[in-house]
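Below you'll find the structure, written out as structure tokens, and then a few comments.
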Amino acid sequence: MKFTDSPVIELQVRDSHLSIQQDNGSFHVGTSVWPCSLVLAKFVERWAPPSPATTGANNPYSELLDFHSFRRRAIELGTGCGAAGMAFHLLGLQDIILTDISPVMPALKHNLKRNKPILGKNLKTSVLYWNNKDQIRTANPPFDLVIAADVVYIEESVGHLVGAMEALVADDGAVLLGYQLRSPEADQLFWEMCENVFVIDKVPHQDLHPDYAYEETDVYVFRKKKNSN
């Protein structure tokens with residue numbers, strides 16, 4: 001998927017329309033809308049049951065993405081401009097905290113305000129650095145869902161990211177990850193570390209949204225490995 005330098009990204013989420021402003025000239029990667037956030041959002045749009053009555057055997061993701069029958073607590077890491085988090089909310093995930101580092105917060109809050117008429121409420125936000133155990137505790141884990149998209153790009157941050165995912169997700173919860181290879185070194189370390197902690201399932205490409213199924217982007221579902229003791 002080509003990265004667009006348009007100042008505004010438009011994202012249709014069922015009957016709603018998100019308008020997300022980005023700043024590609026910023027020093028912080030979080031002020032751009034990265035492709036995997038859109039791929040992840042549209043994957044969930046495709047499979048999240050629109051109502052409890054529509055869950056069924058023909059949907060392999062109905063239990064994971066049923067935001068209506070069960071109240072799920074969720075947190076997004078590296079929210080950036082908010083595309084994925086806002087989409088998840090529109091798809092029925094009501095209890096979600098959007099997190100990122102301090103310099104990215106103005107861009108996130110701007111987009112939440114920009115889309116408030118569509119969202120219908122102020123979504124929760126919190127500053128969270130992946131290596132800050134106090135901030136992780138303050139978020140009040142465990143969460144049923146940990147959401148992240150395009151967050152693996154610096155080798156030095158990989159250990160902190162995997163540690164934060166492990167600390168935040170419930171033992172019976174899941175991590176939903178939108179992924180694209182950005183750095184070979186970070187990529188190798190990330191998967192080595194994740195394999196020690198999580199059972200990893202890759203979503204088949206044919207299950208992605210047909211308009212957002214790009215060769216270089218993937219969606220994964222992580223679940224904690226069961227303690228053998």
Side-chain angles (χ1 to χ4, degrees), residues 1-9 11 20-44 75-88 98-108 111 127-132 136 145-169 174-205 207-209 211-222:
M1 182 175 185
K2 291 184 177 179
F3 179 71
T4 176
D5 59 1
S6 170
V8 177
I9 303 297
L11 181 64
I20 306 149
Q21 198 162 21
Q22 64 173 353
D23 178 9
N24 294 335
S26 165
F27 291 109
H28 301 287
V29 294
T31 60
S32 297
V33 177
W34 293 91
C36 284
S37 62
L38 308 181
V39 172
L40 183 60
K42 297 298 282 189
F43 162 72
V44 175
I75 189 167
E76 184 179 13
L77 302 178
T79 299
C81 294
M86 288 190 288
F88 272 77
L98 310 182
T99 74
D100 214 312
I101 61 174
S102 298
V104 178
M105 278 292 146
L108 173 58
N111 278 306
V127 172
L128 194 149
Y129 289 78
W130 301 333
N131 62 341
N132 190 312
I136 289 173
L145 282 176
V146 174
I147 300 158
D150 250 330
V151 289
V152 182
Y153 49 88
I154 301 174
E155 186 178 6
E156 290 74 15
S157 69
V158 165
H160 301 317
L161 171 62
V162 177
M165 288 176 172
E166 183 181 11
L168 289 165
V169 71
V175 177
L176 272 174
L177 177 71
Y179 191 82
Q180 182 171 344
L181 194 155
R182 300 291 181 187
S183 157
E185 296 79 15
D187 175 82
Q188 180 178 350
L189 180 60
F190 177 73
W191 293 112
E192 287 175 356
M193 295 190 71
C194 284
E195 286 169 0
N196 291 327
V197 180
F198 300 108
V199 175
I200 300 168
D201 290 313
K202 182 179 178 179
V203 172
H205 254 250
D207 288 353
L208 301 181
H209 190 287
D211 295 333
Y212 289 80
Y214 297 93
E215 183 179 352
E216 66 270 30
T217 57
D218 289 296
V219 172
Y220 291 88
V221 181
F222 295 177

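We count residues from 1, following the sequence as given.
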Quick one: pull up CD1 in I136 and CE in M165 and give me the separation to the nearest 0.5 Å. 11.5 Å
With rounding to the nearest 0.5 angstrom, report the NE2 to CD1 distance, H160 to I154. 10.5 Å
side-chain contact (heavy atoms from CB on, under 4.5 Å) involving E192 - partner list, sequence neighbours excluded: Q188, L189
Return the set of residues passing side-chain contact (heavy atoms from CB on, under 4.5 Å) with D207 (not counting sequence neighbours), or none when no residue passes. W47, Y61, V203, P204
Carefully, step by step, assess V158 and M193 under the rule side chain to side chain contact (heavy atoms under 4.5 Å, CB included). CA-CA 8 Å; V158 165; M193 295 190 71; 4.0 Å; yes
Look up atom CG in L40 and atom CG in L177, then write down how far apart they are to the nearest 0.5 Å. 8.0 Å
Taking all atoms of both residues into account, what is the closest heavy-atom pair of S102 and P106, and its distance? O-CD, 3.5 Å
Minimal non-hydrogen separation, V33 against C81, with atom names: CG2-CB, 3.9 Å
Any chance you could measure L98, atom CG, to I75, atom CD1, to the nearest 0.5 Å? 9.0 Å
Where is the tightest heavy-atom contact between L208 and A213, given as atom of each residue plus distance? CB-CB, 3.8 Å
Quick one: are D150 and P35 in side-chain contact, heavy atoms under 4.5 Å? yes
Test item: T99 side-chain N/O and V127 main-chain N/O as donor-acceptor pair under 3.5 Å: no
Before giving the answer on side chain to side chain contact (heavy atoms under 4.5 Å, CB included), spell out for L145 and E76 the whole-Å C-alpha distance, their side-chain angles and the decisive distance to 0.1 Å. CA-CA 8 Å; L145 282 176; E76 184 179 13; over 6 Å; no
Take K202 and Y220, measure what side chain to side chain contact (heavy atoms under 4.5 Å, CB included) needs, and give me the verdict at the end. CA-CA 4 Å; K202 182 179 178 179; Y220 291 88; 3.5 Å; yes
Can you give me the closest heavy-atom contact between C36 and T217, atom names plus distance? SG-CG2, 3.9 Å
Any donor-acceptor N/O pair, N132 side chain to L128 backbone, under 3.5 Å: no
Taking all non-hydrogen atoms of both residues, which atom of A84 and which atom of A41 are closest, and how far apart? CA-CB, 4.4 Å
Kindly give the heavy-atom pair with the smallest separation between V152 and A186, and that separation in Å. CG1-O, 3.9 Å
Would you give the length of the straight line joining atom OH of Y129 to atom CG of D100, rounded to the nearest 0.5 angstrom? 8.5 Å
When rounded to the nearest 0.5 angstrom, what is the spacing between CG in D187 and CD in Q180? 11.0 Å
Mind checking what makes ring pair (Phe, Tyr, Trp, His ring centres under 6.0 Å) contact with F198, not counting sequence neighbours? F222
Evaluate L11 against M86 for side chain to side chain contact (heavy atoms under 4.5 Å, CB included), listing each step before the verdict. CA-CA 10 Å; L11 181 64; M86 288 190 288; over 6 Å; no
